[in-house]
Protein chains: 2
Amino acid sequence: MIELKDLPDCPVETTLFLISDKWKVLIIRDLLNGTMRFGELKKSITGISQKVLTQHLRAMEESGLISRKVYAQVPPKVEYTLTETGMSLKPVLDAMWHWGLKYKSNNTDNRKTSKRD
Amino acid sequence: MIELKDLPDCPVETTLFLISDKWKVLIIRDLLNGTMRFGELKKSITGISQKVLTQHLRAMEESGLISRKVYAQVPPKVEYTLTETGMSLKPVLDAMWHWGLKYKSNNTDNRKTSKRD
DNA sequence: TTCTATAGTAACCTATATGAAACTATTGGA
DNA sequence: TCCAATAGTTTCATATAGGTTACTATAGAA
């Protein structure tokens, strides 16, 4: 379990400590829409390898962002769900969503009105 | 200059494309309080090396997040300031700030009420 | 009996990020 | 004359992240 003393003083850094990672943010983005199985995550997150996905899921479980539920069946079925803590990251992701949209639309506008290329 | 076609479809990924990086976020955190000189940033961001700071500042200039102003004097004086685009990341950083605070306080509470260690 | 599906793990290799240290330019001051 | 100060750049070494492939378990279906 992560301990308080391991966390940076600055709250922004604390957040970065837990999710300053492209893959983790993308996992959260997907799980915000609900529980997913391992294979679904792998399909959904373009470019992630099985190893890296597993590593990040383990780390996020460790820091209390997601929970892992194993079904005792064959072939295996494992479901990942955001914990309340993980869910509470929604405002962060929302802010990123809005900013990303705006950045792209600004880029478009600049291109239209720009005098040089 | 970064072009629209280089950006991912998902707005969250677009944001990550530009700031999914601990150092960049910390630079933005500092510059949200106003213009800073190179040396001030270096002092303020614990653990960053000169080389890495320079690299990230260059990249952020490239993506239009910050502007760089060189004063023609010796010893050199270079100031970095968030552009409007960079400034518009404040809601993202704010959300991270709040979340970081909450995560830490939850961690404290859990520790107090937890039955096992 | 052999294949399929799923969620991994393990070993090995490569790529990327970062760190450390030396070096640069230039002016004013001791 | 030589040093301090600032904002770098360059080179080389290392650390961390990620990629690839092979391997595992096991119930049920063909």
Side-chain angles (χ1 to χ4, degrees), chain A residues 2 6-8 10 13 15-31 34-63 65-82, chain B residues 2 6 8 13 15-31 34-63 65-82:
Chain A
I2 289 179
D6 300 328
L7 299 173
C10 168
E13 281 192 63
T15 303
L16 291 173
F17 183 79
L18 294 158
I19 61 158
S20 81
D21 190 299
K22 181 188 163 188
W23 296 128
K24 290 195 178 68
V25 177
L26 295 182
I27 290 168
I28 294 164
R29 177 198 62 184
D30 279 5
L31 291 182
T35 296
M36 288 176 84
R37 296 182 59 174
F38 182 86
E40 292 177 311
L41 280 168
K42 195 154 111 58
K43 257 168 247 147
S44 170
I45 300 175
T46 312
I48 199 167
S49 71
Q50 195 152 346
K51 189 188 78 170
V52 170
L53 179 55
T54 304
Q55 283 174 349
H56 285 293
L57 289 171
R58 293 288 179 277
M60 292 168 75
E61 216 191 331
E62 175 74 8
S63 51
L65 299 180
I66 62 175
S67 65
R68 178 168 179 272
K69 183 171 184 187
V70 182
Y71 291 82
Q73 62 185 51
V74 169
K77 175 178 173 182
V78 180
E79 284 182 347
Y80 291 94
T81 310
L82 287 180
Chain B
I2 290 180
D6 301 327
E13 282 192 62
T15 303
L16 291 173
F17 183 78
L18 294 158
I19 61 159
S20 80
D21 189 299
K22 181 190 163 187
W23 296 129
K24 291 195 178 68
V25 177
L26 296 182
I27 291 168
I28 294 164
R29 176 198 62 182
D30 279 5
L31 291 183
T35 296
M36 289 175 85
R37 294 182 61 173
F38 182 85
E40 292 177 310
L41 280 168
K42 194 156 111 58
K43 256 168 248 149
S44 170
I45 301 174
T46 312
I48 198 167
S49 70
Q50 195 152 348
K51 190 188 76 172
V52 170
L53 178 54
T54 304
Q55 283 174 348
H56 285 292
L57 289 171
R58 293 287 180 279
M60 292 167 76
E61 216 191 330
E62 176 75 9
S63 51
L65 299 179
I66 62 175
S67 65
R68 179 169 178 271
K69 184 173 184 185
V70 183
Y71 291 83
Q73 63 185 50
V74 167
K77 175 178 173 183
V78 179
E79 284 182 349
Y80 290 94
T81 311
L82 287 180

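Letters A, B, ... mirror the listed sequences (proteins, then strands); counts begin at 1. Predicted, not measured: the structure shown is a model, and the values here were computed from it.
- What separates CG of A/Leu57 from C1' of C/dG8 is a distance of 11 Å, to the nearest Å.
- In this structure, NZ of B/Lys42 is placed 11 Å from P of C/dG19, rounded to the nearest angstrom.
- Taking atom CG of residue A/Leu53 and atom P of nucleotide C/dT6, one finds them 15 Å apart after rounding to whole Å.
- We find that CE of A/Met36 is positioned 15 Å from C1' of C/dA7, with the value rounded to whole Å.
- Summarising the geometry, the separation between CD on B/Gln73 and P on D/dG8 is reported as 13 Å, rounded to the nearest angstrom.
- B/Lys51 comes within 4.0 angstrom of a base, heavy atoms only.
- Separating the CG atom of A/Asp21 from the P atom of C/dA17 is a distance of 13 Å, rounded to the nearest angstrom.
- In this entry the distance linking NE2 of B/His56 with C1' of D/dT9 reads 16 Å, nearest Å.
- The side chain of A/Val74 sits closest to D/dT26 out of D/dG19, D/dT26, C/dG8.
- B/Tyr80 comes within 4.0 angstrom of sugar-phosphate atoms only, judged by non-hydrogen atoms across all strands, and of no base.
- Remark: C1' of D/dA7 and CD of B/Glu61 are 14 Å apart, rounded to the nearest angstrom.
- Taking only side-chain nitrogens and oxygens, B/Arg37 comes nearer than 4.0 Å to OP1 or OP2 of D/dA7.
- Residue A/Arg58 places its side chain closer to C/dT9 than to any other of D/dT26, D/dA7, C/dT9.
- Residue order along DNA chain D, read from the 5' end via each residue's closest nucleotide, puts B/Thr54 first among A/Pro75 and B/Thr54.
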